[in-house]
Protein chains: 2
Amino acid sequence: MTSDIPHIIIGRLPLYLRALSRLKKEGYNYASSRELGKLLDISPAQIRKDLSHFGELGKRGKGYEIEFLISKLNQILNIDTLWDMIVIGAGDLGSGLARYKGFSDRGFRVSAIFDIDPQKIGKSIGNLVVRDFNEMCDYVAENKVQIAVLAIPAQNAQSVIDDLVEVGITAILNYAPIYIKTPAGVQIEHIDPSVHLQKLSYYLK
Amino acid sequence: MTSDIPHIIIGRLPLYLRALSRLKKEGYNYASSRELGKLLDISPAQIRKDLSHFGELGKRGKGYEIEFLISKLNQILNIDTLWDMIVIGAGDLGSGLARYKGFSDRGFRVSAIFDIDPQKIGKSIGNLVVRDFNEMCDYVAENKVQIAVLAIPAQNAQSVIDDLVEVGITAILNYAPIYIKTPAGVQIEHIDPSVHLQKLSYYLK
DNA sequence: TAGATTGTTAATCGATTAACAATC
DNA sequence: TAGATTGTTAATCGATTAACAATC
């Protein structure tokens with residue numbers, strides 16, 4: 001069922017969703033590809049083409065019904081349920097992620113946070129308590145968690161990811177500033193602010 | 001001088017840099033496009049093609065001299081000096097960014113952090129003190145800062161970005177979960193963990 | 001010299017866009 | 001019906017890759 005829709009198209013769906021939520025909040029019922037395109041700096045043709053991969057989701061002459069398209073995209077992206085995630089690393093970043101209020105609206109929830117540092121284990125962060133990383137394996141198995149967020153230094157990332165994959169994690173959001181390959185069937189996305197900043201600085205005088 | 005090198009190529013240069021730093025740390029002096037490609041999951045041909053835009057940077061039969069290529073890429077990406085950045089928003093994320101140790105190696109430094117919340121203004125974060133956002137304009141002018149990092153809620157992002165652009169900021173790293181267009185000459189990059197997670201969840205069963 | 005790897009051209013592949021018939 | 005906007009095809013554009021002569 002991991003169909004053959006190109007990843008580059010999947011990557012735009014969350015952006016459509018974000019724009020649609022905004023329009024909905026502003027009270028609109030319909031959005032045309034032209035309106036969405038203007039909001040996102042994406043050509044109307046591309047938006048229509050992207051969406052057409054998933055059926056005829058619009059109404060000719062009217063545009064897309066916002067409520068309907070949101071629920072459709074939620075379905076496609078598999079976020080009509082709330083996914084539990086674990087966070088690895090209880091430093092500034094990990095703590096921030098554990099406390100972040102923005103996930104639940106978008107389909108996710110941090111259900112546990114782990115660290116290896118005895119100083120941090122047992123500490124409260126939001127409504128979670130930092131657990132010993134050694135308990136990660138049992139926790140994932142018992143709670144059938146599939147998503148992990150990595151907020152640890154680069155040097156430990158490879159071995160931790162090996163562990164995560166072994167216990168059955170299949171989706172990883174990696175904040176460690178290092179590229180890591182995962183076996184087929186395990187998806188990974190990378191966030192490294194320095195990489196973005198370096199792209200920006202190219203254009204500075 | 002914002003030459004006509006495609007942005008997609010510029011976007012890979014920081015990755016090359018990261019891989020090269022790693023190899024350097026491991027004691028290597030030369031890296032071939034094949035080795036770099038394996039580390040990054042990028043084809044050797046693409047790496048050679050990308051780099052060839054900036055001159056003949058390699059040695060036939062040997063590969064690329066790591067030290068030399070690092071300094072060349074630093075030059076190209078404009079990070080052979082340390083850029084000052086300001087952070088807007090002193091919540092969990094902003095504080096984390098202000099304390100983050102990983103920037104200085106990569107060409108950047110947080111030189112000030114701002115908030116509008118009187119409760120936060122004056123508080124210490126790392127070796128910085130949270131400033132009143134109303135002083136942002138003066139600060140940027142006096143210190144000739146060009147880069148801003150936005151760590152505030154989506155609803156305020158547009159007006160804050162308007163302010164930033166007006167006082168002369170030309171590069172923005174935006175953590176607010178909203179797409180915002182900037183005038184020509186002002187570059188912006190977006191980081192939204194929920195967007196990445198939604199891409200990942202598409203592949204979950 | 002033999003072996004290796006670059007730099008670069010030409011071919012391929014895939015993504016974006018223009019255009020318009022279909023239709024609400 | 002007239003106006004608007006989709007869904008989709010075909011054309012265009014741009015990025016990736018294969019292949020190999022150049023050369024260290």
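The structure presented is a predicted model; accordingly, all values stated were derived computationally and were not measured. The chains referred to below are lettered A, B, ... by the order of the sequence lines, with proteins before strands, and numbering in each begins at 1.
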Chemist: Separation of A/Lys38 atom NZ from D/dT5 atom P, in whole Å?
Modeler: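 Whole-Å distance recorded here is 12 Å.
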Chemist: Check this one for me: any side-chain N or O of A/Tyr64 less than 4.0 Å away from OP1 or OP2 of D/dG7?
Modeler: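 Yes, such a contact exists.
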Chemist: Roughly how many Å is it from CD1 in A/Ile42 to C1' in C/dA15, rounded to a whole number?
Modeler: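 Rounded to the whole Å, the gap is 13 Å.
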Chemist: Does the structure show a Watson-Crick or G-U wobble partner for C/dT23, both distances under 3.5 Å? Name it, or say none.
Modeler: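 Across any shown strand, C/dT23 pairs with D/dA4.
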Chemist: Locate the shortest heavy-atom distance separating B/Phe133 from B/Ile116; write the atom from each residue and the value.
Modeler: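 For B/Phe133 versus B/Ile116, the nearest heavy atoms are CB-CG2, 3.6 Å.
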Chemist: B/Ile47 CD1 to C/dT8 P: how many Å, rounded?
Modeler: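 For the pair B/Ile47 CD1 and C/dT8 P, the rounded distance is 17 Å.
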Chemist: Hey, does B/Leu51 reach any base, or is it just sugar-phosphate, or nothing, if we go heavy atoms under 4.0 Å?
Modeler: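 Touches nothing.
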Chemist: State, without any angle test, whether B/Ser111 and B/Tyr139 hold a side-chain donor-acceptor pair at a distance under 3.5 Å.
Modeler: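 A donor-acceptor contact under 3.5 Å links the two side chains.
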Chemist: On the side chain of A/Arg60, is there an atom forming a donor-acceptor pair with the base of D/dT5 - under 3.5 Å, no angle test?
Modeler: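 Check fails, no donor-acceptor contact within cut-off.
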Chemist: Tell which nucleotide pairs with D/dT9, taking only Watson-Crick or G-U wobble pairs whose two distances are both under 3.5 angstrom.
Modeler: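 Across all strands, the one nucleotide that pairs with D/dT9 is C/dA18.
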Chemist: Distance check needed: C/dG7 P versus B/Lys59 NZ, whole Å only.
Modeler: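 Rounding to the nearest Å, NZ of B/Lys59 and P of C/dG7 are 10 Å apart.
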Chemist: For the pair made of NE2 in A/His53 and P in C/dA15, what is the distance, rounded to whole Å?
Modeler: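 Checked: the NE2 to P distance equals 9 Å.
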Chemist: Does B/Pro6 reach a base, just sugar-phosphate, or nothing at all? Heavy atoms under 4.0 Å.
Modeler: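 Counting heavy atoms under 4.0 Å across all strands, the contact made by B/Pro6 is with sugar-phosphate only.
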Chemist: Measure from the side-chain heavy atoms of A/Gln46 and tell me the nearest of C/dT5, C/dT17, D/dA15.
Modeler: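 That would be C/dT17.
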Chemist: Rounded to the Å, how far apart are A/His7 NE2 and C/dA15 P?
Modeler: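 Result: 12 Å.
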Chemist: Calculate the interatomic distance between A/Asp4 atom CG and C/dA15 atom P; express it in whole Å.
Modeler: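 Result: 11 Å.
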Chemist: Over how many whole Å does the gap from B/Lys49 atom NZ to D/dT17 atom C1' extend?
Modeler: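 It is 10 Å, rounded to the nearest whole Å.
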Chemist: Please state whether the phosphate of C/dG7, meaning OP1 or OP2, lies under 4.0 angstrom from any side-chain nitrogen or oxygen of B/Arg48.
Modeler: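 Looking at the OP1 and OP2 atoms of C/dG7, neither is under 4.0 Å from any side-chain N or O of B/Arg48.
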Chemist: Please classify the nucleic acid contact of B/Leu57 as base, sugar-phosphate, or nothing, using heavy-atom distances under 4.0 Å.
Modeler: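 Sugar-phosphate contact only.
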Chemist: More than 12 non-hydrogen atoms from neighbouring residues, nucleotides or ligands closer than 6.0 Å to CD on A/Glu26, yes or no?
Modeler: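 Yes - once you tally the heavy atoms of other residues, nucleotides and ligands closer than 6.0 Å, there are more than 12.
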Chemist: Would you mind telling me which residue lines up with the more 5' stretch of DNA chain C, B/Glu35 or A/Ala45, judged by nearest nucleotide?
Modeler: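 Mapping each residue to its closest nucleotide by heavy atoms, the 5'-most match is B/Glu35.
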Chemist: Which nucleotide in the list D/dA15, C/dT5, D/dT8 gets nearest to the side chain of A/Glu56?
Modeler: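 Of D/dA15, C/dT5, D/dT8, D/dT8 is nearest to the side chain of A/Glu56.
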Chemist: Taking 4.0 Å as the cut-off, does a side-chain nitrogen or oxygen of B/Ser43 come that near to OP1 or OP2 on D/dT17?
Modeler: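 The answer is yes; a side-chain N or O of B/Ser43 sits under 4.0 Å from OP1 or OP2.
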Chemist: Any side-chain N or O of A/Ser33 below 4.0 angstrom from OP1/OP2 of D/dT5?
Modeler: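 So the side chain of A/Ser33 is outside the cut-off, no N or O lying under 4.0 Å from OP1 or OP2 of D/dT5.
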Chemist: With a 6.0 Å cut-off (strictly less than), is the heavy-atom count around CD of A/Glu67, excluding the residue itself, greater than 12?
Modeler: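 12 or below, so no.
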Chemist: Give a yes or no on whether a salt bridge exists between B/Asp84 and B/Lys144, defined as a side-chain N under 4.0 angstrom from a carboxylate O.
Modeler: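 Here B/Asp84 does not pair with B/Lys144 in a salt bridge, since their nearest N and O are not under 4.0 Å apart.
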Chemist: What orientation do A/Tyr179 and A/His190 show, parallel under 30°, tilted 30 to 60°, or perpendicular over 60°?
Modeler: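 Tilted, since the angle between the ring planes falls between 30° and 60°.
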